[in-house]
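Take a look at the structure below.
For the single chain, residues carry numbers from 1 onward in sequence order. We count ligands from 1, going down the list as the structure has it; atoms in each ligand are counted the same way. Any value given below was found using the heavy atoms of this structure, including those in side chains, with hydrogens, waters and symmetry copies removed.
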Amino acid sequence: MRSDPAQRNRSGSPIVPDHTAVIPRHVAIVMDGNGRWANKRFLPRAVGHEQGVEALVRTVRACVQRGIPYLTVFAFSSENWRRPEDEVSKLMGLVLVAVSRYVERLAQEGVRIRIVGDREAVSEKVRASWHKAETATQHNSRLTLSVAFNYGGRWDIVQACQRALADGVPPAELTEARLGSYLALSHAPDPDLFIRTGGELRISNFLLWQAAYSELYFTDCLWPDFGDAELDAAIADFARRERRFGGVEPAASSISQGT
Ligand code: FPP
């Protein structure tokens, strides 16, 4: 993964590849390990999720500081409904608390919030809360935080196909780009760096389409412990990868902070 030598910065100088300062344009994170974090401390799992919100806010700020324009996080999967009712309801309650506690501050910091996922199944209260978060931040552009909630990669591909069919798109015109425009994350470029915390080595139905060429980074760090240092470690690892997107030449896909 290196900068294209033809690319130039705003003052017209060629961008010099600098592996100490190459940052991804889009980071996606599976925030796993809240439950284990709490279990290790003999605390209820809900406390792990509360700390998970703190880690999320920390990470959003760290991304803003590093000039990363897109962050997408997996907050609630289509499969998480299988959890005990009490845990599901605590997670839903946490949405309301997180929105009322943090959205205004994140808005002031230039963060735009977008929710990706199936909103039909969530309660009216949660829907209203997401609506508030999206409208309060809709004019921001420093960092777009996409929160995947009641989301699954397979759901996303199916809903995109259904909407394209409903629009009458002829089969021959259903190209990758056309289908991509119906996907829930069509407002963002594909993720460059895909992080999963909590030690599991799988992508768990997150961004199946979009992560086709993402660099994968797995860490044992439990999500509530994630912060600046862990993000920097992931970025440093990413900066050492050579991305070819199926070709033979290294390709540019990230932001160089070099001159
Ligand atoms: C996985 O940990 C985490 C989740 C299912 C929830 C993620 C949610 C947050 C981090 C809070 C952010 C939420 C909002 C409202 C934006 P786990 O419970 O599977 O942990 P375990 O694998 O250790 O059991």
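- Less than 4.0 angstrom separates some heavy atom of W223 from each of these atoms of ligand 1: 10 (C).
- Atom 4 (C) of ligand 1 has as its closest protein heavy atom H49 CE1, 3.9 Å.
- Side-chain contact of W209 with D156: a donor-acceptor pair under 3.5 Å is absent, judged by distance alone.
- Put simply, CZ on R112 and CG on L106 are 14.5 Å apart, with the number rounded to the nearest 0.5 Å.
- Within ligand 1, counting atoms from 1 as listed, the ones closer than 4.0 Å to a heavy atom of M31 are 1 (C), 2 (O), 3 (C), 9 (C), 10 (C).
- For the ring pair (Phe, Tyr, Trp, His ring centres under 6.0 Å) with F76, the qualifying choice from W130, W81, F206 is W81, the only one to do so.
- Taking only nitrogen or oxygen atoms, main chain and side chain alike, D32 reaches within less than 3.5 Å of ligand 1.
- Assignment of G198 to the shell around ligand 1 is not supported, since no heavy atom sits closer than 4.0 Å.
- Annotation: N34 places an N or O atom under 3.5 Å from an N or O atom of ligand 1; distance criterion only.
- No side-chain heavy atom of R142 sits under 4.5 Å from any side-chain heavy atom of V111.
- Annotation: V53 places no N or O atom under 3.5 Å from an N or O atom of ligand 1; distance criterion only.
- Closest heavy-atom contact between P224 and G48: CG-O, 3.7 Å.
- Within ligand 1, the atoms closer than 4.0 Å to a non-hydrogen atom of N80 are 5 (C), numbered from 1 in the order shown.
- Checked by atom type and distance alone, the side chain of N205 pairs as donor or acceptor with a backbone atom of G153 at under 3.5 Å.
- Ligand 1 places these atoms under 4.0 Å from at least one heavy atom of R83: 5 (C), 17 (P), 18 (O), 19 (O).
- Closest protein heavy atom to atom 20 (O) of ligand 1: G35 N, 3.0 Å.
- For W37, no nitrogen or oxygen atom sits less than 3.5 Å from a nitrogen or oxygen atom of ligand 1, counting backbone and side chain alike.
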List the atom pairs, with distances to 0.1 Å, where a side-chain N or O of residues 163-173 and a protein N or O form a donor-acceptor pair under 3.5 Å, not counting sequence neighbours.
unit_1, atom_1, unit_2, atom_2, d
R163, NE, Q159, OE1, 2.9
R163, NH2, Y182, O, 2.6
D167, OD2, Y182, OH, 2.7
E173, OE1, R178, NH1, 3.3

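- In the model, H26 has no side-chain atom that pairs as donor or acceptor with a side-chain atom of T144 under 3.5 Å.
- Atoms of ligand 1 lying under 4.0 Å from at least one heavy atom of A75, given by number and element, are 6 (C), 7 (C), 8 (C).
- Of all protein heavy atoms, the one closest to atom 16 (C) of ligand 1 is L56 CD2, 3.9 Å.
- Annotation for Y213: atom OH does not count as buried by contact number, only 12 or fewer foreign heavy atoms lying within 6.0 Å.
- Contact atoms of ligand 1 toward V95: 15 (C) (distance under 4.0 Å to a heavy atom of the residue).
- The closest approach between E50 and ligand 1 stays at or above 4.0 Å for every heavy atom of the residue.
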### Message
What verdict does the side-chain hydrogen bond (donor to acceptor under 3.5 Å, both in side chains) test give for S204 and R196, after you've listed the backbone C-alpha separation in whole Å, the side-chain angles of each residue and the deciding distance to 0.1 Å?
### Response
CA-CA 10 Å; S204 297; R196 180 175 185 140; 2.7 Å; yes
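- Close contacts between ligand 1 and R36 involve ligand atoms 21 (P), 22 (O), 23 (O) [criterion: under 4.0 Å to a heavy atom].
- Under the side-chain hydrogen bond (donor to acceptor under 3.5 Å, both in side chains) criterion, Y217 pairs with no residue, sequence neighbours left out.
- Heavy-atom contacts of R45 reach the following atoms of ligand 1: 17 (P), 18 (O), 24 (O) (cutoff under 4.0 Å).
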